[in-house]
Protein chains: 2
Amino acid sequence: MSKCEQCIVRQFSSLKALTKDELLKMADCKTSYTIKKGETIFEEGETTNGIYCIKDGVCKMTKLSANGKDQIVKLVKPGELLGQRSTISEEPANLSAVALEDMEVCFIPKNEVLQFFTQNNQFSMNVMKTICGDLKEADDHMVSMAQKSVKERLAETLLYLEDTFGKNDDNTLKLQLSREELAGMIGTATESCIRLLSELNKAGLIELIGKKIAIKDRNKLRRMAE
Amino acid sequence: MSKCEQCIVRQFSSLKALTKDELLKMADCKTSYTIKKGETIFEEGETTNGIYCIKDGVCKMTKLSANGKDQIVKLVKPGELLGQRSTISEEPANLSAVALEDMEVCFIPKNEVLQFFTQNNQFSMNVMKTICGDLKEADDHMVSMAQKSVKERLAETLLYLEDTFGKNDDNTLKLQLSREELAGMIGTATESCIRLLSELNKAGLIELIGKKIAIKDRNKLRRMAE
DNA sequence: ATTAAAATATGATATTTGTCATACTTTGAA
DNA sequence: TTCAAAGTATGACAAATATCATATTTTAAT
């Protein structure tokens with residue numbers, strides 16, 4: 001069982017506030033998992049009973065809408081925590097978490113986390129700030145969905161994907177989503193998403209290399225996203 | 001200066017965890033305001049430096065989108081707190097708060113609130129749960145915006161308004177929004193909103209009494225909202 | 001009471017987006 | 001290697017929604 005002291009998650013997340021003792025205690029009760037691309041970490045409605053630390057790999061948080069489509073609410077990357085909201089609210093998960101790449105995660109039981117809250121003020125302040133950040137993002141995201149066109153949202157999302165997950169040597173986005181998933185992020189039909197990608201391709205703002213996408217003209221794309 | 005002990009806000013909000021001593025201290029440093037319908041409590045981008053307790057009156061939280069329209073992100077009613085997120089994040093407000101009715105609010109300075117966080121664990125846990133609830137709502141709201149049609153969102157919103165703010169003797173919604181504001185809630189053009197209201201009126205699901213709206217057939221409306 | 005401004009309503013039309021059909025391409029399993 | 005399934009692409013069309021114009025009603029200021 002590896003120690004938590006050197007873990008990437010500790011460096012980037014609220015966990016950086018934990019003391020050595022607390023870290024040892026955590027290392028002691030954590031469970032490590034390997035999750036294959038496409039597998040589910042937890043499902044909307046499920047009781048999670050703890051939080052997951054993302055050591056490696058990206059996952060999508062989705063919600064099934066009434067029309068049967070999966071809306072991708074957010075993407076979570078290494079160094080971040082999963083399931084904080086439902087652990088704190090002591091409620092079932094509101095979103096499903098599905099691996100977009102092979103992942104390594106650690107699970108920390110709820111009781112442990114709740115103890116840290118009462119023991120360590122800085123930790124609970126950090127968690128609170130994280131959730132406040134999530135709330136701000138969610139509000140902004142909502143306004144985007146309500147007020148922007150599909151094309152604007154697509155441009156915005158492509159820039160976000162490059163900024164957040166980087167690009168390969170051939171300039172293609174490192175995080176490769178299917179067209180259906182990309183459509184699920186911007187909240188539109190898969191065909192509409194494909195059509196708009198073609199359009200951006202023809203206009204020279206992006207390049208489609210097989211299923212991969214490369215951004216060619218950031219400025220125009222940014223202006224398009226408004 | 002009135003005491004905080006009996007205040008409605010204390011009964012319904014995270015503040016219920018505060019001790020008598022803490023309440024006295026709070027009563028001591030709070031400022032009471034009267035805000036007229038249409039006036040702004042704080043503006044997006046402004047530094048708030050504390051939280052507002054809503055004693056009376058409803059306000060809207062809005063965000064100006066790139067196309068110049070005000071999106072109503074949420075409504076806040078008596079007993080709730082305003083500005084928690086920006087106080088905790090120590091960031092400027094992400095949303096503007098504008099009174100929909102004459103309001104009575106109290107302002108509690110940031111320092112005071114942050115002290116309670118470190119002193120009173122139950123209080124910070126309460127705040128955390130509130131914000132987690134807001135996050136869940138925001139995520140759900142976002143999925144609605146992305147996946148539902150304008151008509152579905154209108155039906156959903158009308159039911160929400162009746163459930164949350166109640167109705168008058170003539171069955172009209174107690175909280176009276178202008179058509180423009182209603183459009184701003186569901187994220188559509190004012191004309192589209194008016195048109196759909198007419199349609200629901202003709203179909204007998206609602207009744208338009210001047211500018212007021214009465215729900216006639218909850219079940220059909222609920223089915224329409226999916 | 002009068003009147004200008006704002007809010008509500010509705011028609012005509014353009015634009016955006018979704019849906020269905022179909023073809024092509026890639027992927028992965030037998 | 002081959003083939004079926006999944007993913008990507010595109011056309012045709014329908015439906016939803018926005019925009020602009022204009023009429024009517026309500027509100028509020030003088």
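Worth knowing before you read on, the calculation uses all heavy atoms, side chains too, and leaves out hydrogens, waters and symmetry mates. Everything quoted here is computed from the prediction, not taken from an experiment. Throughout, protein chains are lettered first and strands after them, A, B, ... in sequence-line order, and every chain is numbered starting at 1.
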Nucleotide [N], atom [atom2] - distance to [atom1] of [X] in whole Å:
| X | N | atom1 | atom2 | value |
| --- | --- | --- | --- | --- |
| B/Glu191 | C/dA7 | CD | P | 13 Å |
| A/Lys212 | C/dT27 | NZ | P | 10 Å |
| B/Gln176 | C/dA6 | CD | P | 19 Å |
| B/Ile206 | C/dA9 | CD1 | P | 9 Å |
| B/Lys37 | C/dA6 | NZ | C1' | 13 Å |
| B/Ile209 | C/dA7 | CD1 | C1' | 18 Å |
| A/Lys211 | C/dT25 | NZ | C1' | 8 Å |
| B/Glu181 | C/dA6 | CD | P | 15 Å |

Salt bridge or not between [X] and [Y]? Use side-chain N to carboxylate O under 4.0 Å.
| X | Y | result |
| --- | --- | --- |
| B/Asp134 | B/Lys74 | yes |
| B/Glu226 | B/Lys148 | no |
| B/Lys136 | A/Glu91 | no |
| B/Arg218 | B/Asp163 | yes |

Exercise. With a non-hydrogen cut-off below 4.0 angstrom, is A/Ser149 in contact with a base, only sugar-phosphate, or nothing?
Worked result: sugar-phosphate
Within the structure, does a side-chain N or O atom of [X] lie under 4.0 Å from either OP1 or OP2 of [N]?
| X | N | value |
| --- | --- | --- |
| B/Ser192 | D/dA18 | yes |
| B/Lys69 | D/dT19 | yes |
| A/Ser178 | D/dA6 | no |

For the side chain of [X], starting at C-beta, report the closest nucleotide among [options].
| X | options | answer |
| --- | --- | --- |
| A/Arg195 | C/dA9, C/dT19, D/dT19 | C/dT19 |
| B/Ser198 | D/dT17, C/dA9, C/dT19 | C/dA9 |
| A/Thr188 | C/dG18, C/dA9, D/dT10 | C/dG18 |

For this session: Could you check A/Gly210 against A/Cys193 and say which one's nearest nucleotide on DNA chain C is further toward the 5' end?
Result: A/Cys193
Exercise. Given that A/Leu208 and A/Ala146 both sit by DNA chain D, which one's nearest nucleotide is further toward the 5' end?
Worked result: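 Counting from the 5' end, the first nearest nucleotide belongs to A/Leu208.
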Exercise. Does A/Asn168 use its side chain to pair, donor to acceptor, with the backbone of A/Asp170 at less than 3.5 Å?
Worked result: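 A pair under 3.5 Å: no.
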